[in-house]
2 protein chains.
Amino acid sequence: MQLPKGVEWAAHCLVVLERLTEDHPVANSTLAEVYGLSPTYLNKHLQALTRHGLLISMPGSAGGFTLSRPASEITLADVVEALEGGGPIFRCTEIRCDGLFQPHSTEIRASGSCAIAAAMWTAEQAWRHSLAAVSITDLVQGVDAVSSKNLNEFVENKNVKVGPIL
Amino acid sequence: MQLPKGVEWAAHCLVVLERLTEDHPVANSTLAEVYGLSPTYLNKHLQALTRHGLLISMPGSAGGFTLSRPASEITLADVVEALEGGGPIFRCTEIRCDGLFQPHSTEIRASGSCAIAAAMWTAEQAWRHSLAAVSITDLVQGVDAVSSKNLNEFVENKNVKVGPIL
DNA sequence: GAAGGTGTACTCGGATAGGGCCTGTCCGAGTTATTCGGG
DNA sequence: CCCGAATAACTCGGACAGGCCCTATCCGAGTACACCTTC
């Protein structure tokens, strides 16, 4: 069991978006260039973030993606939920009601939920809770100095090339 | 991302093992019969538990599986680790050192670990910690009355069929 | 009656196919900036 | 010099193959019990 690679990409891109966005959208190709990622595949994940309301996409020549709300209100839990679907990582198939116990399934269900499933879901909640405690703002502050400097230089170069809109 | 179905099977089987075992091993076919599972596929998971030291397997006509240590010392974390391999759910590919940042990768690495990966691993630790707090003994106590009664009757019937060794 | 050897039935254990999701890629619909021509 | 339409290039968006892991199954190696033969 492993988280899709897209989660890592999306999280990093949201951080960069927070740094690069200033009332104008950032193109998928730009984000891909920053991290040396496959543009087409990255696009797939950014679309997922858009579908789940984390990003706003703008078509057209000067289009791109923008954060849909302040970075402080976007957490890693949102990112995981957007790319993972938010479904439980442990799925209970209720085998406690199969086999020997089949004839008494209604009684068993009435006695409460499966203890194993309950424990799994509690642990899962701890995980999601920990993820929800980390916002994009927190991650931006965690970016090291040299990376931040590189990003600034990149923006300036883009500035020269693209024009005064940046 | 979803946990393999084997985790659920293994957890339930450990609970039944704790109930059924009395100094004699319980066969894979018996466990499969209790829950109406595929014997061959269940065997695969029990082998994994054996490889990781949770179970002891005994070959031969009256062979089977036994808990390798007291049920109070086996936790859900152990089960997940045995069937999942214990590797991190989130794998950091260090894309913060790719693309623009490639020339300064050594500097960036020296500045500390990736903030995103750190947050992910913290959350993962919370998950594992929660799982480690639940032992098989806890789960046995959570079994409802009617299921417990069914198991007892099953053991008695087996008793008649199999002989005095049970 | 007891002991030893043999046969059988049961067990675990690893090696072998199939399906679903993540990975990776491509091309099309739509929109904006640009450019060229006319007034 | 200003305005407007056509062009072109860039954007997002969804549809299309490949690979790996979980799912599911089978058959073989090994062991303990039971029985039979022999002493």
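First the proteins, then the strands, lettered A, B, ... as listed; each starts at 1. The model shown is predicted, which means the values in this text are computed figures rather than measured ones.
- For the pair Arg91(B) CZ and dC21(D) P, the interatomic distance rounds to 9 Å; values are reported in whole Å.
- Aromatic ring pairs are classed by plane angle as parallel below 30°, tilted from 30° to 60° and perpendicular above 60°; the pair Tyr35(A) and Phe101(B) is tilted.
- The number of heavy atoms from other shown groups lying within 6.0 Å of CD (Gln125(B)) does not exceed 12.
- Contact annotation: Gln47(A) reaches the phosphate of dG14(D) (side-chain N/O to OP1 or OP2, under 4.0 Å).
- Contact check, Ser38(B) against dT23(D): no side-chain N or O comes under 4.0 Å of OP1 or OP2.
- What separates NZ of Lys44(A) from P of dT25(C) is a distance of 12 Å, to the nearest Å.
- Going from atom CG of Leu42(A) over to atom P of dG13(D) covers 13 Å, rounded to whole Å.
- Look at CD on Glu84(B): it is 6 Å from P on dC22(D), rounded to the nearest Å.
- For the pair Ser130(A) (side chain) and Ala126(A) (backbone), a donor-acceptor distance under 3.5 Å is absent.
- Put simply, Tyr41(B) has no side-chain N or O that comes within less than 4.0 Å of OP1 or OP2 on dT25(D).
- Here Ser29(A) reaches the OP1 or OP2 of dT11(D): one of its side-chain N or O atoms lies under 4.0 Å away.
- Residue Arg51(B) places at least one side-chain N or O under 4.0 Å from the OP1 or OP2 atom of dG14(C).
- Between Asn43(A) and Leu3(A), it is Leu3(A) whose nearest contact on DNA chain C lies nearer the 5' terminus.
- Whole-Å rounding puts the Met58(B) CE to dG13(C) P distance at 11 Å.
- Here the C1' atom of nucleotide dC21(C) and the CD atom of Gln2(B) are 10 Å apart, to the nearest Å.
- A donor-acceptor contact under 3.5 angstrom links the side chains of Asp78(A) and Thr75(A), judged on distance only.
- Within the 4.0 Å cut-off from OP1 or OP2 of dG13(D), at least one side-chain nitrogen or oxygen of Ser57(A) is found.
- Rounding to whole angstrom units, CD1 of residue Ile89(A) and P of dC22(C) are separated by 14 Å.
- The CE atom of Met1(A) sits 12 Å away from the P atom of dT23(D) (whole-angstrom rounding).
- Between Glu94(B) and Arg96(B), at least one side-chain nitrogen of the basic residue sits less than 4.0 Å from a carboxylate oxygen of the acidic one, meeting the salt-bridge criterion.
- Closest to the side chain of Phe65(A), out of dC22(C), dT23(D), dC12(D), is dC12(D).
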